[in-house]
Amino acid sequence: MITFIFDPIDPSALQYAKEKLDVVAWTDKEIENYSTAEAVIVRTFKMTQEVIDQMPNLKIIAKHGVGVDNIDLDYAKRKGIRVTNTPQANMHSVAELVIGLALNCSRKINLSQKMVEKGISKNSPVELAGFELQEKTIGLIGLGRIGTLVGHKLKAAFSMNVLVYDPYTSELQCSEEGFIKYDCLEDILKESDIVSISVPLTKATENLISARELSLMKKNAILINTARGKIINETDLYHALQNGVIFGAALDVFAEEPISKNHPLLTCDNFIGTPHNGANTVDALIRMGTGAVDEIVRFLKQKEASSQIA
Ligand SMILES: O=C(O)CC[C@@H](O)C(=O)O
């Protein structure tokens with residue numbers, strides 16, 4: 001199957017792809033002409049209607065990772081093109097980054113480093129006073145695989161109370177995890193010391209957190225987003241951080257990526273930014289890359305089996 005890989009993937013996953021499929025990789029000059037593609041593997045490459053229309057033989061779009069917001073799903077469906085992703089491949093990596101960001105923000109580690117680099121005159125400066133996570137409350141916006149792992153890891157490590165806002169999860173599901181379901185976003189925002197977002201970007205989640213929601217959070221709370229940038233209104237977040245509406249925020253994702261070095265959020269001492277790095281571990285990269293290839297191989301086998309029956 002002629003498979004175009006538009007974004008760089010892990011070298012061992014590329015090798016694996018070449019063993020199983022007929023690959024045109026991002027470094028090949030043939031990548032410019034999509035017309036022969038029967039399958040594609042994408043990370044951030046945008047599979048718009050226009051791009052799909054340039055691939056008359058396309059049968060499957062395999063997403064390297066989880067979020068499929070760079071793919072026109074409705075159009076792919078209309079054209080009968082299968083869309084797959086690798087939902088388990090990066091869940092631990094992203095969940096671990098959430099915890100890293102929570103600790104970094106609550107203990108002002110980045111700011112500490114900056115102060116040390118500038119030279120400090122005394123230990124334990126008052127500006128670097130943070131807070132403990134122990135027995136605090138985490139509010140999970142979204143209880144998919146990543147949210148669930150974040151909840152379990154924080155509960156196990158710091159005995160945190162775990163609250164969940166997720167209209168698609170039942171009270172029973174939450175209590176089976178040892179978490180508490182909240183029906184109302186406002187209430188979870190009011191009660192959490194850390195709010196972590198792990199939902200896909202959809203029409204319903206775009207701008208989910210704007211000025212009003214930020215104003216409901218505790219003054220000493222932290223907001224973390226490792227999902228998709230457009231879920232948070234960045235201008236409102238900037239004002240909230242500048243005016244001490246919340247303690248701090250850590251974003252791995254931005255409305256426009258990569259984030260510009262002139263982005264106003266970067267002027268806030270209580271802000272931490274990472275460049276869409278949640279899945280960027282050796283472990284997850286191999287799993288996402290080989291997982292995307294496996295989805296195409298599985299699709300091929302299904303097609304072969306159904307043509308034999310017919
Ligand atoms: O790095 C990747 O390819 C995955 C990125 C991540 O946002 C995802 O959608 O799973």
Side-chain angles (χ1 to χ4, degrees), residues 97-115 120 122 124-143 147 150-151 153-155 157-166 179-199 205 207-227 229-255 259 263-274:
L97 182 69
V98 173
I99 290 157
L101 293 173
L103 285 166
N104 192 331
C105 221
S106 64
R107 300 307 305 272
K108 303 191 179 181
I109 296 174
N110 278 15
L111 186 59
S112 305
Q113 160 109 16
K114 280 190 206 155
M115 283 185 67
I120 49 165
K122 59 178 170 55
S124 297
V126 67
E127 313 88 290
L128 294 182
F131 68 85
E132 292 178 356
L133 299 188
Q134 185 65 25
E135 290 177 17
K136 295 284 177 3
T137 296
I138 170 99
L140 301 173
I141 312 286
L143 194 70
V150 170
K153 288 179 197 286
L154 287 175
K155 206 172 163 66
F158 304 109
S159 305
M160 288 186 80
N161 305 310
V162 183
L163 315 182
V164 175
Y165 171 72
D166 185 337
F179 306 160
I180 303 166
K181 178 173 159 83
Y182 273 51
D183 290 324
C184 174
L185 178 63
E186 283 76 5
D187 291 343
I188 203 168
L189 293 171
K190 282 181 196 159
E191 290 187 28
S192 303
D193 299 296
I194 299 187
V195 172
S196 173
I197 299 175
S198 308
V199 289
T205 62
N207 272 316
L208 186 69
I209 306 292
S210 297
R212 194 182 77 85
E213 289 71 29
L214 289 161
S215 73
L216 296 171
M217 289 176 66
K218 291 182 183 175
K219 219 173 144 52
N220 56 356
I222 290 172
L223 177 65
I224 300 175
N225 186 11
T226 55
K230 288 184 179 161
I231 295 166
I232 294 180
N233 181 312
E234 288 172 2
T235 309
D236 292 353
L237 176 62
Y238 167 75
H239 291 300
L241 291 174
Q242 283 289 327
N243 298 323
V245 174
I246 60 172
F247 181 87
L251 306 187
D252 185 46
V253 285
F254 299 89
I259 180 176
H263 197 296
L265 281 171
L266 299 177
T267 63
C268 302
D269 275 344
N270 49 356
F271 170 76
I272 294 167
T274 50

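Side chains are part of it too, since the values below use all heavy atoms of this structure and drop only hydrogens, waters and symmetry mates. Quick caveat: nothing in here was measured; it's all calculated off a predicted structure.
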Derivation of the side chain to side chain contact (heavy atoms under 4.5 Å, CB included) call for Leu237 and Ile209
CA-CA 8 Å; Leu237 176 62; Ile209 306 292; over 6 Å; no
Carefully, step by step, assess Glu213 and Leu208 under the rule side chain to side chain contact (heavy atoms under 4.5 Å, CB included).
CA-CA 8 Å; Glu213 289 71 29; Leu208 186 69; over 6 Å; no
Using the rule given for side chain to side chain contact (heavy atoms under 4.5 Å, CB included), can you reason through Val150 versus Ile224, listing the C-alpha separation, both sets of side-chain angles and the distance that settles it, and then say yes or no?
CA-CA 12 Å; Val150 170; Ile224 300 175; over 6 Å; no
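Shown here for Tyr165 and Ile188, the closest heavy-atom pair between the two residues is N-CD1, 3.4 Å. Considering all non-hydrogen atoms of both residues, Gln134 and Ser159 come closest at NE2-OG, 3.6 Å. In plain terms, the two heavy atoms of Lys181 and Asp166 that are nearest each other are NZ-O, 3.1 Å. When all heavy atoms of Asn110 and Ile272 are compared, the closest pair comes out as ND2-CG2, 3.7 Å. For the residue pair Arg107 and Phe131, the shortest heavy atom distance occurs at CD-O, 3.7 Å. Residues Leu103 and Ile109 approach most closely at O-CD1, 4.0 Å, considering heavy atoms.
With contacts defined as side-chain heavy-atom distances shorter than 4.5 Å, the pair Lys108/Met115 does not qualify. Considering only heavy atoms from C-beta on, Ile138 comes within 4.5 Å of Ser196 through its side chain. At a threshold of 4.5 Å between non-hydrogen side-chain atoms, the residues Phe158 and Lys136 do not count as touching. Side-chain contact between Phe179 and Lys155: present, with at least one pair of heavy atoms (C-beta onward) separated by less than 4.5 Å. When side chains are defined from C-beta on, Val195 counts as touching Ile141, because their heavy atoms get closer than 4.5 Å.
Here Gln113 contributes atom CD and Asn104 contributes atom CG; the two are 10.0 Å apart, rounded to the nearest 0.5 Å. We find the NZ-CE distance between Lys190 and Met217 to be 13.5 Å, quoted to the nearest 0.5 Å. The distance from the OG1 atom of Thr137 to the NZ atom of Lys218 is 5.5 Å, given to the nearest 0.5 Å. A distance of 12.0 Å separates CD1 in Ile194 from CG in Leu163, rounded to the nearest 0.5 Å. For the atom pair CD1 of Ile232 and CG of Asn225, the computed distance is 4.0 Å after rounding to the nearest 0.5 Å. We find the CG-OH distance between Leu140 and Tyr182 to be 12.0 Å, quoted to the nearest 0.5 Å.
Tested against Ser106, the residues Leu133, Asn220, Asp193 include a single side-chain contact (heavy atoms from CB on, under 4.5 Å) partner, Leu133.
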Validation: residues 239-253 side-chain donor-acceptor distances under 3.5 Å, sequence neighbours left out:
unit_1, atom_1, unit_2, atom_2, d
Asn243, ND2, His239, O, 3.0
Asp252, OD1, Thr274, OG1, 2.6
Asp252, OD1, His276, N, 3.1
Asp252, OD1, Asn277, N, 2.6
Asp252, OD2, Asn277, N, 2.9
Asp252, OD2, Gly278, N, 2.8

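Other residues, nucleotides and ligands place more than 12 heavy atoms under 6.0 Å from the CD atom of Glu127.
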